[in-house]
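First comes the structure, then the notes that go with it.
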Protein chains: 2
Amino acid sequence: MNETFKALADPTRRHIIRLLKEKDMTAGEIADHFNMTKPSISHHLSTLKQAKLILDERQGQNIVYSLNTTVVQDVLGWFLEIIDGKDPGKGKEEDE
Amino acid sequence: MNETFKALADPTRRHIIRLLKEKDMTAGEIADHFNMTKPSISHHLSTLKQAKLILDERQGQNIVYSLNTTVVQDVLGWFLEIIDGKDPGKGKEEDE
DNA sequence: TAGATATTTAGACAGTTTTCTAAATATCTA
DNA sequence: TAGATATTTAGAAAACTGTCTAAATATCTA
């Protein structure tokens with residue numbers, strides 16, 4: 001879980017996730033969305049892949065990346081637990 | 001949003017959030033849960049506070065920390081949109 | 001006001017992260 | 001097989017992070 005949260009702590013990587021939410025893309029297509037070198041994007045993809053947030057599959061010359069919604073849901077579960085367990089109706093108690 | 005995600009990228013800080021989910025606590029009570037110096041915990045609390053994930057209020061000698069569920073819900077919303085953001089007209093473009 | 005308690009700030013240091021350029025690997029096509 | 005295209009790996013520099021000790025600040029109580 002820590003690897004997943006760390007992977008999500010970078011804006012470029014979150015942007016990649018939002019791109020892959022729309023459709024699967026090759027590494028090159030993803031890189032075209034950023035003002036950054038391809039090796040840098042490749043490194044971000046590697047981080048996301050290691051966190052299992054994305055999946056990769058070679059198709060000829062290209063490598064196609066896709067979102068792994070299972071792991072995204074795991075993180076979602078972490079947040080749901082934080083919210084659900086919290087006593088509702090208890091907000092800021094500032095009375096002045 | 002970036003500050004929030006970065007704040008969540010550390011296991012100690014996520015642990016603090018889970019502690020505060022149960023009940024409000026003073027800085028010292030929080031520190032007692034970790035094998036780490038109080039200045040280090042204070043620094044983590046400062047990071048969480050800057051990300052608005054927690055709120056602080058002085059009560060005499062103590063400073064009582066509490067969870068800011070509003071911001072936790074904002075992050076939850078980010079994930080919900082990734083998973084089932086089927087609303088085509090409302091795609092979020094930026095998260096920073 | 002002095003001393004005790006609670007917490008934060010300051011400064012330092014090792015380890016990690018992000019980014020780059022250059023080079024290597026894999027695949028396709030003529 | 002040679003050359004072109006797609007992507008990754010390697011190595012290095014700058015910036016950032018997490019942690020510590022020592023010192024400062026804030027509050028309470030006698």
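In this text, all values refer to a predicted model and were calculated from it rather than measured experimentally. Residue numbers start from 1 in every chain, and the chains themselves are labelled A, B, ... in the order their sequence lines are given, proteins ahead of strands.
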Rounded to whole Å, CD1 of B/Ile16 lies from C1' of D/dT19 at a distance of 14 Å
pair_partner(D/dT25), Watson-Crick or wobble, both distances < 3.5 Å, evaluates to C/dA6
Between CE of A/Met25 and P of D/dT7 the distance, given in whole Å, is 11 Å
Under 4.0 Å, counting only non-hydrogen atoms across every strand here, what does A/Phe34 touch: a base, just sugar-phosphate, or nothing? nothing
**Prompt:** If only atom types and distance count, is the side chain of A/Asp10 paired as donor or acceptor with the main-chain N or O of A/Thr12 below 3.5 Å?
**Reply:** yes
**Asked** Distance check: side-chain N/O of A/Arg58 vs OP1/OP2 of C/dT27, anything under 4.0 Å?
**Response** yes
B/Asn2 CG to D/dC16 C1', in whole Å, measures 13 Å
Rounded to whole Å, the CD-C1' distance (A/Gln61 to D/dA6) equals 6 Å
Query raised in the report: Counting just side-chain N and O atoms, does A/Arg13 come under 4.0 Å of either OP1 or OP2 of C/dT18?
Result: yes
B/Glu29 atom CD is separated from C/dT7 atom P, nearest whole Å, by 8 Å
Worksheet item: Does B/Asn62 put a side-chain nitrogen or oxygen below 4.0 Å from OP1 or OP2 of C/dT7?
Response: yes
Within the structure shown, what part of the strands sits under 4.0 Å from A/Lys6 by heavy-atom distance: base, sugar-phosphate, or nothing? sugar-phosphate
If only atom types and distance count, is the side chain of B/Glu22 paired as donor or acceptor with the main-chain N or O of B/Leu19 below 3.5 Å?
no
Co-membership, hydrophobic cluster, residues A/Leu76 and A/Ile83, 4.5 Å side-chain: yes
Just by modelled atom types, is the B/His44 backbone N or O under 3.5 Å from a matching donor or acceptor in the B/Arg13 side chain? no
Re D/dG18: Watson-Crick or G-U wobble partner, both distances kept under 3.5 Å, found to be C/dC13
ask   = Think B/Tyr65 has a side-chain N or O under 4.0 angstrom from the OP1 or OP2 of C/dT8?
value = yes
At less than 4.0 Å, is any side-chain N or O atom of A/Thr12 found next to OP1 or OP2 of C/dT18? Yes or no.
no
Between CZ of B/Arg14 and P of D/dG18 the distance, given in whole Å, is 11 Å
Expected list for residues 35-47 of chain A near DNA chain C, using heavy atoms below 4.0 Å, is A/Met36, A/Thr37, A/Pro39, A/Ser40, A/His43, A/His44
Q) Are B/Leu80 and B/Val71 connected, step by step, through hydrophobic side chains (Ile, Leu, Val, Met, Phe, Trp, Tyr) whose heavy atoms are closer than 4.5 Å? A) yes
Taken to the nearest whole Å, CD/B/Glu57 to P/C/dA6 is 18 Å
Main chain of B/Lys52, side chain of B/Asn68: is a donor-acceptor contact present, judged purely on distance under 3.5 Å? yes
In this structure, would B/Phe79 and A/Leu55 fall into the same cluster of hydrophobic residues linked by side-chain contacts under 4.5 Å? no
note: B/His15, atom NE2; D/dG18, atom C1'; distance rounded to Å ~ 18 Å
